[in-house]
Protein chains: 2
Amino acid sequence: MDVRTMCLGILSLGEASGYEIKKMLEGPLGSFFDASFGSIYPALAQLTDQGLLAMSEQAQDKRPDKKVYKITQKGRLALAEALLDKPSRDRVRSDFLASILFADLLAPRELAERLDERLAFHRAMLERLEKYRTDAAEWGTPELTAGMRFVTDYGVAIHRAALDFIEQNRHVIEAASMLRRGQAAD
Amino acid sequence: MDVRTMCLGILSLGEASGYEIKKMLEGPLGSFFDASFGSIYPALAQLTDQGLLAMSEQAQDKRPDKKVYKITQKGRLALAEALLDKPSRDRVRSDFLASILFADLLAPRELAERLDERLAFHRAMLERLEKYRTDAAEWGTPELTAGMRFVTDYGVAIHRAALDFIEQNRHVIEAASMLRRGQAAD
DNA sequence: GAAACCATGTAAGTTGTTACATGATTGG
DNA sequence: CCAATCATGTAACAACTTACATGGTTTC
């Protein structure tokens, strides 16, 4: 799924501006999809050109103009069709896990810092997801769809599992890291 | 972390060919890093040019020649330095979760199929990870480092959490999908 | 007064994938 | 005999990120 399809999908849940789409991707969707302004704005322009979106410019008080996009019937059909494609496998790239894999080359203090940061990250995500789980307004829609609830709860489950795992197993890798330091000093 | 650094890292655990590196990335590392031949081979060539790797060609019986790469001292230093960079945040892109988010647009049968496939995927990954967890030979090394064990166990924890979550919550989203079908037919 | 937020966009550059090219061997 | 595995590589292409450009407003 590319940025164009994701934008189309988000707009199928309700109208939004490019800026708001980006904010949603920093919310609960960010756990499994991300995109920069540099890909969102051109995507919206292209989709509008193709008649899959309708744009209306809204002047705002003490704010720059906002371009609000709304999915068209043609857009809904295109989205439904795109969703029929067999989903490609997940693409994950985690610097954190990579650096843990090579933890031998990391100073114990560095390692501890990374683990702490990671725990903080998961806790922050859980907190944020909790807000989204209970408050539909955070999504910019009056009501949460079943899909929204599912992916939010899924995110909670995964972040909690990661948090628990790291808390319970960090001592193993940290002990190994300190041991290796000792050997290196020999 | 780019493909070059990951190759350097894998080779810091033991020597290997490009083909073998690719196989490792389809193993437990695949959960958090993937790369195609099209990026691995040029990366190895470049690293060798820079003196970070040493290559030795090995003729094989009834097999094409193999180019075995070994990390140099200079390579180890470069890797250690690269690992000091603050790890960038995880990049995840999951078509599965995206299509669940827009599950309203999916026929109940389609949805059920995707969920089944996903469960099968997690089960397959768990099985594969179990093998890696107990058998160092699967990694191509005589001994598992603490890092290897950690990332493998981490993978087990995450896949198990995902599996459990989907098993326990699929009925919610599937019920909503069928309900919506009913409404659409009205 | 500085940083962060709101808001949109473009262009250059990076990075990596897919497809192609080659070819022997092994297992179902 | 067909598919998969072993083994390496290149080139065209796709997709995306980063940095730049602009400028008012709000919060600390």
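Letters A, B, ... are given to chains in the order of the sequence lines, protein chains preceding strands, and every chain is numbered from 1. All values reported here derive from a predicted model rather than from experimental measurement.
- With sequence neighbours left out, the salt bridge (Lys or Arg N to Asp or Glu O under 4.0 Å) criterion links A:D116 to A:R170.
- Here the P atom of nucleotide C:dC5 and the CD atom of A:Q60 are 17 Å apart, to the nearest Å.
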Audit row: B:V92, B:L97, side chain to side chain contact (heavy atoms under 4.5 Å, CB included) steps and yes/no: CA-CA 11 Å; B:V92 185; B:L97 284 169; over 6 Å; no
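- Between B:E117 and B:R114, none of the side-chain N atoms (NZ, or NE/NH1/NH2) sits under 4.0 Å from a carboxylate O, so this pair counts as no salt bridge.
- No donor-acceptor distance shorter than 3.5 angstrom exists from the side chain of B:S177 to the backbone of B:D104, with no hydrogens or angles considered.
- Rounded to whole Å, atom P of C:dA7 lies 9 Å from atom OH of A:Y41.
- Residues A:K23 and A:E20 are not paired through a salt bridge, judged by the lack of any N-O separation under 4.0 Å between the basic side chain and the carboxylate.
- Residue A:D34 is tested with B:R93, B:R89, B:R91 for a salt bridge (Lys or Arg N to Asp or Glu O under 4.0 Å); the sole match is B:R89.
- A donor-acceptor distance shorter than 3.5 angstrom exists from the side chain of A:K74 to the backbone of A:Q50, with no hydrogens or angles considered.
- On the nucleic acid side, DNA chain D has its first and last nucleotide under 4.0 Å of a heavy atom of chain A at D:dC16 to D:dT26, going 5' to 3'.
- We find that A:K22 and A:E26 are joined by a salt bridge, their nearest charged nitrogen and carboxylate oxygen being less than 4.0 Å apart.
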Under 3.5 Å, which N/O atoms of the protein pair with N/O atoms of nucleotides 15-17 of chain C?
unit_1, atom_1, unit_2, atom_2, d
C:dG16, OP1, A:R93, NH1, 2.5
C:dT17, OP2, B:S36, N, 3.1
C:dT17, OP2, B:S36, OG, 2.8
C:dT17, OP2, B:S39, OG, 3.1

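- Where B:R89 and B:A45 meet DNA chain D, the nucleotide closest to each residue was compared, and B:A45 sits on the side nearer the 5' end.
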